[in-house]
Visitor: 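This is the structure I want to talk about, given as structure tokens.
This one's a predicted model, so the numbers in the text were calculated from it and none came from an experiment.
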Amino acid sequence: MNYFKTFANCLLIKGVSRSLICDLQRHQSDLISNDMVEILVKLNAKQSISSVMEEYGDQNNKVIQEYLEYLDDKEYGFYCKKEEFDRFPSLDKKYLVPGHITNAVLELSRKTIYSLNELVPQIESLGCKDITIMFYESLRLEDFYQIFNYFEDTRIKSIEITLKYNQAFNELFFAKLNKKINQLTRLTFYSAKEEKVDHWDNYLQFERIFTTKNITSFKSCGIVDSKYFTTNLPKVLEAINHNSCLHKKISIDINGKIKNCPAMPESFGNINETLLKEAINAEGFKKYWNITKDQIITCKDCEFRYICTDCRAYIENPLDKYSKPLKCGYNPYTMEWEEWAVNPLKQKSIEYYGLTELLNNHQV
């Protein structure tokens with residue numbers, strides 16, 4: 001068989017120095033060379049293997065054949081005949097999702113849990129399915145029960161909660177939550193004794209993440225790290241077409257201000273005075289929704305741009321909305337990671353956003 005084609009679910013992302021092949025079905029990504037991507041583009045355009053090898057010369061034939069065998073073994077692509085080629089259409093990269101809002105971030109305290117009584121119906125009416133709740137304190141079991149009482153009989157699909165760790169959070173505690181609450185998908189505990197991740201299983205059907213960091217505000221958010229990379233169809237298609245963090249997101253900060261993100265300065269009203277459906281239609285609310293990584297400085301040259309979550313709250317140049325995320329230490333030109341906080345070129349922006357103290361206290 002003289003033709004080769006990558007599977008439709010295997011997306012090629014070309015960077016300035018190297019590329020990525022993303023298997024959106026098996027949720028995995030592998031680095032490949034830019035030269036190989038150029039060859040795959042030709043092959044995916046229905047150019048035969050023999051003609052590509054002739055184009056690149058005898059000296060490269062062995063390397064090309066080895067690469068194709070590697071891709072075949074990994075099930076990233078397949079050999080086929082010319083008459084079979086068009087039976088396998090390419091992936092439709094459109095991103096369509098119902099609802100005015102898909103996800104919401106809420107900053108709450110134990111004293112303001114009651115506000116969910118008014119908020120949840122509004123959030124649900126916007127079509128939102130995923131909720132993240134941030135507490136800058138610990139919670140009791142009855143607090144959890146109170147929270148989830150507001151979500152019973154709603155269409156909210158998943159709820160993640162971040163809160164301060166205490167010793168009461170043990171397996172028995174988690175078992176009680178698991179029995180009572182079926183929408184809980186993740187608990188993140190800060191100020192914990194160790195760094196640990198316990199994945200969900202048949203016994204506890206929510207993830208538990210423990211970090212030793214002490215979090216006192218949403219300024220800790222926005223860090224770009226490979227451990228946060230996500231290779232799945234919805235997130236990658238959203239990143240291709242929209243902003244991978246702020247698209248169809250609404251947030252309410254600790255003071256009740258309605259924002260794109262709790263860490264951003266712009267406010268579009270207060271929940272005590274403004275309905276959420278009014279806020280999302282306010283001028284400027286959606287201005288970041290369609291800023292993609294293909295438009296952002298440096299990110300547009302990065303091989304990881306579609307599996308990485310963007311941040312517009314903290315950027316290297318606060319005056320340019322297309323500036324690279326401040327808390328990213330990856331350089332796609334050298335293919336190296338560095339500690340972003342010590343980069344001398346970032347220090348003015350770190351001071352501008354008031355992050356110096358948090359960095360000194362290891363809260364970011």
Side-chain angles (χ1 to χ4, degrees), residues 103-120 123 130-152 154 156-201 203-223 225 227-228 249-257 259 261-263 271-272 313 327 354-355 357-364:
N103 63 106
V105 177
L106 314 177
E107 288 186 314
L108 295 176
S109 69
R110 286 175 57 193
K111 293 181 179 179
T112 59
I113 290 174
Y114 73 90
S115 65
L116 291 172
N117 185 50
E118 297 289 337
L119 282 176
V120 172
I123 292 171
D130 303 306
I131 307 285
T132 297
I133 306 178
M134 190 80 182
F135 288 93
Y136 303 110
E137 58 189 326
S138 194
L139 297 178
R140 303 164 301 179
L141 186 61
E142 51 265 40
D143 295 324
F144 279 98
Y145 290 165
Q146 181 186 358
I147 292 167
F148 285 95
N149 280 340
Y150 293 114
F151 291 97
E152 284 187 347
T154 70
I156 302 300
K157 182 178 66 176
S158 73
I159 301 171
E160 300 180 8
I161 298 179
T162 297
L163 69 159
K164 188 174 183 179
Y165 175 80
N166 73 55
Q167 293 183 342
F169 300 135
N170 53 34
E171 293 302 305
L172 179 60
F173 186 97
F174 297 147
K176 291 179 180 178
L177 286 183
N178 191 72
K179 186 177 180 180
K180 177 78 173 176
I181 303 158
N182 57 19
Q183 293 152 305
L184 182 63
T185 56
R186 176 182 296 166
L187 287 178
T188 300
F189 302 100
Y190 58 86
S191 299
K193 295 180 179 179
E194 60 180 333
E195 298 282 337
K196 185 176 68 166
V197 177
D198 291 331
H199 297 287
W200 70 273
D201 52 33
Y203 177 62
L204 294 176
Q205 297 182 339
F206 56 88
E207 190 174 53
R208 287 86 64 206
I209 299 176
F210 301 82
T211 178
T212 56
K213 287 183 179 178
N214 180 33
I215 298 175
T216 58
S217 74
F218 217 78
K219 287 185 176 182
S220 301
C221 193
I223 294 175
D225 192 295
K227 65 185 177 183
Y228 302 131
K249 170 180 282 184
I250 195 167
S251 301
I252 297 158
D253 75 5
I254 196 69
N255 298 310
K257 293 181 179 179
K259 299 181 175 183
C261 165
I271 58 171
N272 295 318
K327 298 181 184 181
L355 298 174
E357 185 178 349
L358 271 73
L359 286 167
N360 291 338
N361 293 329
H362 305 287
Q363 294 180 16
V364 177

Visitor: Find out whether Val105 and Phe218 are in side-chain contact, i.e. whether some heavy atom of one side chain is under 4.5 Å from a heavy atom of the other.
Guide: yes

Visitor: Give a yes or no on whether the backbone of Arg110 and the side-chain of Glu137 come within a donor-acceptor separation of less than 3.5 Å.
Guide: yes

Visitor: So how far is it from Asp143 CG to Phe148 CZ, rounded to the nearest 0.5 Å?
Guide: 11.5 Å

Visitor: State, yes or no, whether a side-chain contact exists between Ile147 and Leu139 at a heavy-atom distance under 4.5 Å.
Guide: yes

Visitor: Any donor-acceptor pair under 3.5 Å linking the side chain of Gln205 with the backbone of Thr185?
Guide: no

Visitor: When you measure from the side chain of Ser138 to the backbone of Lys164, do you find a donor-acceptor pair of N or O atoms at a distance under 3.5 Å?
Guide: yes

Visitor: So, applying side-chain contact (heavy atoms from CB on, under 4.5 Å) with Glu107, which one of Ile254, Ile133, Thr132 is it?
Guide: Ile254

Visitor: Verify side chain to side chain contact (heavy atoms under 4.5 Å, CB included) between Phe151 and Val120, making sure each step is shown before the conclusion.
Guide: CA-CA 7 Å; Phe151 291 97; Val120 172; 3.7 Å; yes

Visitor: List in chain and number order the residues that pass side chain to side chain donor-acceptor pair (under 3.5 Å) with Ser251, two or more places apart in sequence or in another chain; answer none if no residue qualifies.
Guide: none

Visitor: Distance to the ring centre below 6.0 angstrom and angle to the axis at most 45 degrees; does that hold for Arg140 and Phe144?
Guide: no

Visitor: Do Ile123 and Leu106 come close enough that some side-chain heavy atom pair is under 4.5 Å?
Guide: yes

Visitor: Does atom CD of Gln167 have more than 12 heavy-atom neighbours, drawn from other residues, nucleotides or ligands, at distances under 6.0 Å?
Guide: no

Visitor: Roughly how far, to the nearest 0.5 Å, is the CG atom of Asn166 from the CG atom of Asn170?
Guide: 9.5 Å

Visitor: Where the side chain of Asp201 meets the backbone of Tyr203, is there a donor-acceptor pair that is under 3.5 Å apart?
Guide: yes

Visitor: For Lys249, I'd like to know if atom NZ has over 12 heavy atoms of other residues, nucleotides or ligands within 6.0 Å.
Guide: yes

Visitor: Please report the shortest heavy-atom distance between Ser115 and Thr112, naming the atom on each side.
Guide: OG-O, 2.6 Å

Visitor: At their closest point, which heavy atom of Ser191 faces which heavy atom of Tyr165, and how far apart are they?
Guide: O-CB, 4.0 Å

Visitor: State which residues pass side chain to side chain donor-acceptor pair (under 3.5 Å) with Asn178; sequence neighbours excluded, sorted by chain then number.
Guide: none

Visitor: Go through the structure and list residues passing side chain to side chain donor-acceptor pair (under 3.5 Å) with Glu195, not counting sequence neighbours.
Guide: Thr211, Thr212

Visitor: Is there a side-chain contact between Leu187 and Leu177 in this structure, where contact means two heavy atoms from C-beta onward sitting under 4.5 Å apart?
Guide: yes

Visitor: Hey, could you give me the OG/CG distance between Ser217 and Leu355, rounded to the nearest 0.5 Å?
Guide: 8.5 Å

Visitor: Give the intermediate values and the outcome of ring pair (Phe, Tyr, Trp, His ring centres under 6.0 Å) for residues Tyr145 and Tyr150.
Guide: CA-CA 9 Å; Tyr145 290 165; Tyr150 293 114; over 10 Å; no

Visitor: Got a second to check how far Leu163's CG is from Leu108's CG, nearest 0.5 Å?
Guide: 12.0 Å

Visitor: Kindly compute the distance separating CZ (Arg208) from CZ (Phe174), expressed to the nearest 0.5 Å.
Guide: 6.5 Å

Visitor: Would you please name every residue forming a salt bridge (charged side-chain N to carboxylate O under 4.0 Å, His left out) with Glu207, sequence neighbours left out?
Guide: Arg186

Visitor: Who passes salt bridge (charged side-chain N to carboxylate O under 4.0 Å, His left out) against Asp253, sequence neighbours left out?
Guide: Lys259

Visitor: Can you tell if the side chain of Ile131 reaches within under 4.5 Å of the side chain of Glu160, non-hydrogen atoms only?
Guide: no

Visitor: Decide whether a cation-pi geometry holds between Lys213 and Tyr190; the criteria are a distance under 6.0 Å from NZ or CZ to the six-membered ring centre and an angle within 45° of the ring axis.
Guide: no

Visitor: Flag the pair Thr188 / Ile161 as yes when at least one side-chain heavy-atom distance between them is below 4.5 Å, and no otherwise.
Guide: no

Visitor: Would you give the length of the straight line joining atom CZ of Phe206 to atom CH2 of Trp200, rounded to the nearest 0.5 angstrom?
Guide: 13.0 Å

Visitor: Can you name the residues that form a ring-ring contact (aromatic ring centres under 6.0 Å, His included) with Phe135, not counting sequence neighbours?
Guide: none

Visitor: Would you say the side chain of Leu204 lies within less than 4.5 Å of the side chain of Glu171, judging by non-hydrogen atoms?
Guide: yes

